[in-house]
Amino acid sequence: MSEETRFNPHVADTRWQKAWEEQRTFVADDASEKPRCYVLEMFPYPSGRIHIGHVRNYTMGDVLARYKRMTGHEVLHPMGWDAFGMPAENAAMEKGVHPGGWTRANIENMKAQLKRLGFAFDWTRELATCEPEYYGHEQALFLRLYEAGLVYRKESEVNWDPADMTVLANEQVIDGKGWRSGVEVERRKLSQWFLKITDFAEELLDGLGGLDAWPDKVKLMQENWIGKSQGLRCIFKFVGSEDGIDVFTTRPDTMFGASFVAVAADHPVAQRCAENAPSLQEFIAECKKGGTTAAEIETAEKQGFDTGLSVEHPLDASWHLPVYVANFVLMDYGTGAVFGCPAHDQRDLDFARKYELSVTRVVADGDQTASDFEGDEAYSDAGKIVNSHFLNGMNVDEAIAAVIATAQNEGWGEGQTQYRLRDWGVSRQRYWGTPIPIIHCDECGAVPVPEDQLPVKLPEDVSFDIPGNPLDRHPTFSKADCPKCGQPARRETDTLDTFADSSWYFIRFASQPSDKPFDKAAVEKWLPVQQYIGGVEHAILHLLYARFWTRALSYIGLLDVKEPFASLFTQGMVTHQTFKHGDGSWLSPDQVKKDGADWIAIEDGSPVTAGRIEKMSKSKKNVVDPDDIVDQYGADAVRWFMLSDSPPERDLEWSESGIEGCWRFVNRLWRIVDTYNRYAASDISIQSQQTNLNLVSSAHLTIDFVGKDIERLQFNKAIARIYSFTSTIEKAGPGYPYWEEAVETLLKLVAPMTPHLAEEAWSSLGKEGLIANAPWPQVDPAMLVEDEVTIAVQVKGKLRDTLTVAKGLPKDELEALALASEKVQRNIDGADIRKVIVVPDRLVNIVI
RNA sequence: GCGGACGUGGCGGAAUGGUAGACGCUACAGACUUAAAAUCUGUUAUCUGAAAAGGUGUGCGGGUUCGAGUCCCGCCGUCCGCACCA
């Protein structure tokens with residue numbers, strides 16, 4: 001075979017990327033009359049290089065976007081940069097570069113990388129959240145939310161590094177210690193800004209019901225995150241006092257099993273008791289050690305401190321319970337105080353055993369009704385209430401209702417709906433973020449920056465030689481006059497959580513006026529995003545915040561859209577084999593080779609352990625740089641690999657043999673095109689060896705399946721179909737009836753996936769215009785009907801024979817044919833037939 | 001600790017409760033070639049068997065059903081998220 005039949009991706013890639021750009025092929029037209037389709041992938045953080053996981057994400061979106069264009073839609077497929085964040089500040093500290101310079105240089109590099117992959121982005125709408133043209137509008141939106149009462153200030157805990165005197169992100173706390181200082185981290189309270197996401201808890205929960213095209217698991221995770229529960233809020237009065245402790249419980253049915261009341265370390269009762277008790281002060285300080293993450297707090301050993309106070313049981317004033325301060329009670333949830341029922345809650349049981357408190361069974365585990373509870377495993381299942389006076393004999397739900405009713409009658413408590421969801425703390429004590437547009441005045445308090453003074457720009461002249469927020473020590477930034485009274489005041493130096501930046505970027509993509517965040521009518525022409533694609537790690541926070549932000553904008557009248565993302569797809573990670581030396585150091589896959597059954601280092605032949613297949617990460621040296629593989633194989637083979645084999649929601653393992661296989665397929669497609677052209681140019685007629693192939697029906701079946709598979713993002717299945725169709729075309733060969741049409745169909749089917757090859761082929765076939773603009777092939781339903789089916793014949797559920805029969809054959813005829821089978825008769829072996837199950841066009845099962 | 005998922009050949013995976021292993025990768029054999037690469041053809045779950053055929057088989061243990069990879073119950077293992085990473 002001659003050289004020129006090899007596809008040259010380096011020539012084709014640049015040629016067609018240039019053509020698309022010059023012809024503005026993928027620029028979305030706001031004025032279009034076509035049906036609209038907004039396809040969006042989560043925008044990347046500009047960390048420096050495009051990661052192979054990005055390539056997978058954007059390839060999926062790109063295939064859908066290109067397919068939607070070919071099926072007659074006006075497609076909006078934008079790209080931008082989630083450009084604020086901690087890594088830029090880390091780079092500043094480590095390399096002495098400016099976060100802005102570092103970030104903008106990264107954006108340039110990564111943009112060039114993305115362009116090489118031929119993604120059909122509308123680059124005219126590119127945005128970066130770190131530019132005042134973006135964050136200025138965000139500040140305006142923040143102030144609108146502030147005016148609407150959705151922003152407030154309260155105290156909240158942060159990770160505090162006492163050595164560096166700085167706030168740490170959870171990520172910067174390693175095993176309870178500061179990542180740079182190595183000193184044990186403390187929890188410290190700061191006054192911070194919050195968004196009232198809890199006002200929308202019920203709406204956000206209800207809204208999930210309408211998100212039919214979201215994965216169930218994501219909806220379930222969000223539901224659990226919002227964590228709606230019904231319970232009882234009630235007072236446990238201090239003995240001999242009208243004052244008491246406000247307690248929330250979801251299990252009022254277990255009230256007669258109470259053996260203690262516990263409050264959080266920050267609870268006012270704990271604080272008051274500590275005033276004259278140094279040992280309690282010490283205990284509270286101990287509770288403040290360690291980071292703020294839920295996992296850390298909840299896995300810490302349960303500890304308590306007896307305050308010496310007693311409270312009365314609400315249902316029996318003569319029954320007194322001790323009050324503890326406990327490290328596992330959270331001030332943020334409920335009322336910051338609980339009553340402990342050890343028999344039916346594992347945490348309470350651990351605590352009660354440790355401090356030798358009574359453990360009374362109040363829910364029967366079958367016939368276990370004794371009041372003394374044995375063992376160290378709490379019983380939290382359903383059952384009958386026992387040892388509980390007027391509740392005895394009820395089931396759990398009846399008892400819950402009865403206690404709430406009693407509490408309301410007697411005036412010591414009431415039923416309450418509780419959410420686990422907390423308000424969103426948006427203050428960050430960091431430089432590289434959106435400045436919060438507030439000025440603090442001694443006289444007037446917190447005063448919003450007037451809209452005509454926006455954006456509040458981040459100063460660029462900052463230094464990172466000492467830890468902490470450089471805005472705090474900037475000579476002029478924090479100095480401002482109060483907009484209300486004109487007196488000297490202090491500008492807020494905290495910046496906004498970067499999740500705020502990513503909570504409305506999809507809106508700005510749809511409409512980018514310079515004088516306001518967006519134009520309502522323009523946005524509503526595009527939103528909701530028809531398909532949103534990104535990593536499952538965003539299942540809760542980003543997606544919940546974006547839903548909230550959209551609803552909040554709708555609440556203040558800026559938008560009539562409630563849910564931003566009509567369908568969501570969460571894709572899996574890209575993984576790769578890891579390799580380790582005996583000394584524990586990692587080796588990259590190109591530093592090792594196989595030596596028989598073992599792996600050795602190429603450099604010195606030393607033995608290497610093949611480790612687990614893990615998410616690509618620099619530290620484990622199992623990364624693959626997209627640029628390198630595009631250099632080697634071209635964009636199309638890489639794109640094909642991203643789509644093939646693994647289902648998109650699962651992890652994809654990068655492998656050398658896999659990409660080689662994709663490269664071979666790209667060339668296989670090219671050879672078909674080459675054959676097509678050579679056959680068209682000659683007048684020799686070629687007689688195919690095959691006669692039993694039906695190219696027309698395979699083409700239509702493939703069009704049908706591939707279209708449906710792309711719509712469902714099941715690219716691996718679409719690709720399997722395309723492989724089969726390709727084989728059929730090859731077997732048939734030129735000259736076979738319908739061969740040329742079949743090849744043209746094949747090119748259109750692969751056009752969204754391997755667009756450069758498809759354009760190159762399309763033009764070599766002498767077709768007019770871009771294949772990107774060509775219409776998707778039409779399915780003729782008449783061609784999908786098969787006239788023969790294969791029937792499975794089972795005896796007692798085991799396959800014994802298959803029959804090929806006309807489609808739609810009646811049951812009795814199928815049964816007769818099955819019984820006539822020699823193999824079936826042999827297996828029945830004269831036994832009585834008890835039953836015959838016939839599923840038309842499917843199977844016959846003979847039960848003996 | 002809480003929440004969510006996943007588990008099928010040597011590997012990635014396919015399979016409206018109805019023929020388990022489509023399609024791809026790898027490996028092996030053959031063709032072409034002086035040779036190699038590329039390409040093409042064939043084989044490739046496992047056990048017994050020369051073959052025909054038969055047994056076993058979807059993490060483990062039960063259950064529902066004429067029939068279970070799929071549904072139900074109980075385990076085991078692995079991965080992800082947990083509010084200041086993005």
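Since this is a predicted model, take the numbers as computed values, not measurements. The chains referred to below are lettered A, B, ... by the order of the sequence lines, with proteins before strands, and numbering in each begins at 1. Below, each value reflects all heavy atoms present in this structure, side chains not excepted, and no hydrogens, waters or symmetry copies.
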Heavy atoms only, 4.0 Å cut-off, all strands: where does [X] land among base, sugar-phosphate and nothing?
X      : answer
A:Q429 : base
A:V167 : base
A:L421 : base
A:S655 : nothing

Just compare [options] and give me whichever is closest to any side-chain atom of [X].
X      : options             : answer
A:V158 : B:C84, B:G24, B:G81 : B:C84
A:A720 : B:C84, B:A83, B:C23 : B:C23
A:R664 : B:A38, B:C2, B:G24  : B:A38
A:S657 : B:C40, B:U26, B:U19 : B:U26
A:E298 : B:A86, B:G1, B:G81  : B:G1

So what stems show up for RNA chain B if we need 3 or more Watson-Crick or G-U pairs in a row, all under 3.5 Å? B:1-7 with B:76-82, B:10-12 with B:23-25, B:27-31 with B:39-43, B:45-48 with B:53-56, B:59-63 with B:71-75

Does the protein touch nucleotides 67-76 of chain B at the base, only the backbone, or not at all? Give it as B, S and - per nucleotide, heavy atoms under 4.0 Å. S---------

Could you write nucleotides 3-17 of chain B as a row of B, S and -, 5' to 3', where a protein heavy atom under 4.0 Å of any base atom gives B, of only sugar-phosphate atoms gives S, and otherwise -? SS--S----BSSSB-

On RNA chain B, check which nucleotide each of A:R834 and A:I719 is closest to and give me the residue with the more 5' one. A:I719

More 5' along RNA chain B: A:K835 or A:F84, using each one's nearest nucleotide? A:K835

Measure [atom1]/[X] against [atom2]/[N] and give the value in whole Å, please.
X      : N     : atom1 : atom2 : answer
A:E301 : B:G1  : CD    : P     : 14 Å
A:F665 : B:C23 : CZ    : P     : 14 Å
A:I197 : B:A83 : CD1   : P     : 14 Å

Using 4.0 Å as the upper bound for N to carboxylate O, is an ion pair formed by [Y] and [X]?
X      : Y      : answer
A:K717 : A:D709 : no
A:R153 : A:E492 : yes
A:D704 : A:K708 : yes

Any N or O donor-acceptor pair under 3.5 Å from the base of B:C84 to the side chain of A:R430? yes

Polar pair under 3.5 Å, donor/acceptor by atom type, side chain A:Q192, base B:C84: yes

Salt bridge (charged side-chain N to carboxylate O under 4.0 Å, His left out) against A:E730, all qualifying residues, sequence neighbours excluded: A:R668

For B:G12, does the glycosidic angle fall within 90° of 0 (syn) or outside that (anti)? anti

By ring pair (Phe, Tyr, Trp, His ring centres under 6.0 Å), which residues pair with A:W424, not counting sequence neighbours? A:Y545

Which class fits the ring pair A:H54 and A:Y58: parallel under 30°, tilted 30 to 60°, perpendicular over 60°? parallel

Hey, can you tell me if A:Y45 and A:W102 have their rings parallel, tilted or perpendicular (30° and 60° cut-offs)? tilted

Any chance NZ of A:K219 has more than 12 other-residue heavy atoms, nucleotides or ligands included, within less than 6.0 Å? yes

Is any side-chain heavy atom of A:L544 closer than 4.5 Å to a side-chain heavy atom of A:L421? yes

Residues pairing under side-chain hydrogen bond (donor to acceptor under 3.5 Å, both in side chains) where one sits in residues 788-798 of chain A, two or more places apart or in two chains, turn out to be none

